Protein chains: 2
Amino acid sequence: MSTVDKAISLLDLFSIDTPELGLSEIARRAGYDKATTRRLLLSLSRHGFVEQDAETRHYRLGAGLTRLARIREARLPLLQTALPFLRDLAIATSETVHLSEAGNASLLTVLVEHPARANRVNVNVGEYLPLHSTASGLAYLAHARPDAVKAALGNPLTAFTSHTVTEPGAILAEVEATRARGYSIMDQGFEDGVFSVAAAILGSGGYAIGTLAIAAPVVRTTKALAAERGQAVAAAARQISERLSGEGFGALRKRASA
Amino acid sequence: MSTVDKAISLLDLFSIDTPELGLSEIARRAGYDKATTRRLLLSLSRHGFVEQDAETRHYRLGAGLTRLARIREARLPLLQTALPFLRDLAIATSETVHLSEAGNASLLTVLVEHPARANRVNVNVGEYLPLHSTASGLAYLAHARPDAVKAALGNPLTAFTSHTVTEPGAILAEVEATRARGYSIMDQGFEDGVFSVAAAILGSGGYAIGTLAIAAPVVRTTKALAAERGQAVAAAARQISERLSGEGFGALRKRASA
DNA sequence: GTTGTCGGTTCATTATTTGAACCATTATTT
DNA sequence: AAATAATGGTTCAAATAATGAACCGACAAC
């Protein structure tokens, strides 16, 4: 493992549940000597990737990461374009709505709006979503480049619950159904008790650049509600797509099929 | 320069104007050998810090940065809380409104809303703002910890224009006036022809965690307009502060003075 | 057709990184 | 109150990783 790999792996120790860590704890969790860990942290700190609290001496993720992320986002402002739609959907459905951004054959949750209810689906930002077993994943695959679909289904797939479909043929059939319907449906394929619908947000090239999803407890979901939420999320995804690219959704869809 | 420093410095080559770069160009700009550069890029790529386009072979900033930035932001959702206020202010004033996030004695612009006008102030996300010569900087200093103020004014300060105040005593007087008024005023201290007002967004500790600013061409600014914008930005900053911390603004202000 | 530049690779040489042992301070346990 | 444990931090001989000149095939420019 290279020194650069070691340094960056330290950043992965921070999470929503663990926003701050001390030097000794970071070293322990990383499995590196304290001296090594400190040197790596100093390098990261020089570039703003971590910040050390002046009082507690604890480390946390730094503004340098935000800076680069904002530069990355500036090219295509998915987050700020989608935010109002997310909020409206969360209010209208009283369920969890989340936005994911597509990378190279991956989906990263970047925005979540939780409803003010005790029984709700909790989704964390900053987590990658599996493509085969989430509504977002299926929505993405329905509008992905063929090589991305191949890459996603090319390796043995994980069964997260007893409902997870792991046979590529069956997943592709579901992807086709998603494309026809305009939104995907996932019934407890990733987590027991969770029912989700999602739709793809298309970029100028006609391929998915993100997804919008509504996740609800199964106990609060009927066939009619599922269809209603599906249509709502598809409509919102369409509007976000049109807002981002300045083109009609139909034209975008046609482009990827060419 | 350590290997980690070298690797991360490659990321700084990307900007809004230069979102993608090829291997040879990155090596040239960084001043490293192509073999070295490629090895460093591969390490960054393994963690999602850069992505290589499958067709053009060019590199760009990756989702791994967004992931960590979203985790960092999840603790305190400044961006998504402020966005609606930014938009409303941009519409109401027809001027550029921008949000900056406070780090360790630094301010990073994370959100910008430009008006649909030809003559407008252009602000880029992902750029650090000087504290002594911008409205945002003064607003921040007015509500910063004393050691951060000391650090900011402790070294010789840059005169960006002939209007820039660089004498610490005079800056501190302006900081005091900002605190009293509830918003700062900067008349071409950072860039000729630009007039800005800003207000601090306070965190639970009572100190500034960000700033909200309105930047306009001087030719479109009167004393009355300045006061009007100042009050508007102060009101918005106050609402964002209250929304984030769940406390009254007056209580927040009192806490930092204790 | 020729020349230049691209992204990419190799391995002897060079430079950087490592971590055990140590420190002062603070926190925890007895 | 005293003893022990854990913290963040430092050093430098030994160990390991990184380096880059020279090379490659493919593609672009002239």
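Basis for what follows: all heavy atoms, side chains included, without hydrogens, waters or symmetry-related copies. Remember, predicted model here, so these are calculated numbers, not experimental data. Letters A, B, ... are given to chains in the order of the sequence lines, protein chains preceding strands, and every chain is numbered from 1.
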Between atom [atom1] in [X] and atom [atom2] in [N], what is the gap in whole Å?
X: Ile26(B); N: dC6(C); atom1: CD1; atom2: C1'; value: 13 Å
X: Leu23(A); N: dG19(C); atom1: CG; atom2: P; value: 14 Å
X: Arg57(A); N: dA24(C); atom1: CZ; atom2: C1'; value: 14 Å
X: Asp53(A); N: dT7(D); atom1: CG; atom2: P; value: 17 Å
X: Leu21(B); N: dT5(C); atom1: CG; atom2: C1'; value: 16 Å
X: His58(A); N: dA6(D); atom1: NE2; atom2: C1'; value: 12 Å
X: Asp5(B); N: dT17(C); atom1: CG; atom2: C1'; value: 13 Å

Legend entry - For dT29(C), the Watson-Crick or wobble counterpart (both distances under 3.5 Å):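 The answer is dA2(D), by the H-bond criterion.
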
Inset, instruction - Decide side-chain contact (heavy atoms from CB on, under 4.5 Å) for Glu25(A) and Tyr59(A); before the verdict, give the C-alpha distance in whole Å, the side-chain angles of both, and the deciding distance to 0.1 Å. - result: CA-CA 10 Å; Glu25(A) 185 57 25; Tyr59(A) 292 87; over 6 Å; no

Legend entry - Which residue lies more 5' along DNA chain D, comparing Val4(A) with Ser24(A) via nearest heavy atoms: Ser24(A)

Legend entry - Closest-nucleotide ordering on DNA chain C, the 5'-leading residue of Glu25(B) and Lys6(A):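 Taking each residue's closest nucleotide, the earlier one in sequence belongs to Glu25(B).
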
Legend entry - Sub-4.5 Å side-chain heavy-atom contact between Leu61(B) and Pro19(B):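 Heavy-atom side-chain distance check fails, nothing below 4.5 Å.
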
Legend entry - Residues in contact with DNA chain C, drawn from residues 30-41 of chain B - heavy-atom cutoff 4.0 Å: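 The stretch gives Lys34(B), Ala35(B), Arg38(B) as the residues lying under 4.0 Å from the strand, ordered by number.
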
Legend entry - Salt-bridge contact Arg67(B)-Asp12(A) (side-chain N to carboxylate O under 4.0 Å):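 Result for this pair is yes, salt bridge flagged.
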
Inset, instruction - Taking only Lys NZ, Arg NE, NH1 and NH2, and the carboxylate oxygens of Asp or Glu, determine whether Arg70(B) and Glu101(A) approach each other closer than 4.0 Å. - result: no

Inset, instruction - Answer yes or no: is there a donor N or O on one side and an acceptor on the other, between the side chain of Thr37(A) and the main chain of Asp33(A), under 3.5 Å? - result: yes

Legend entry - Under-4.0 Å side-chain N/O to phosphate OP1/OP2 contact, Thr3(B) with dA17(D):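 Answer is no, no contact under 4.0 Å.
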
Inset, instruction - Tell me, yes or no, whether the heavy-atom count around Arg75(A) atom CZ, taken from other residues, nucleotides or ligands under 6.0 Å, exceeds 12. - result: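 Buried by this count: over 12 neighbours within 6.0 Å.
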
Legend entry - Heavy atoms of other groups near Glu191(A) CD, more than 12 under 6.0 Å: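 Open.
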
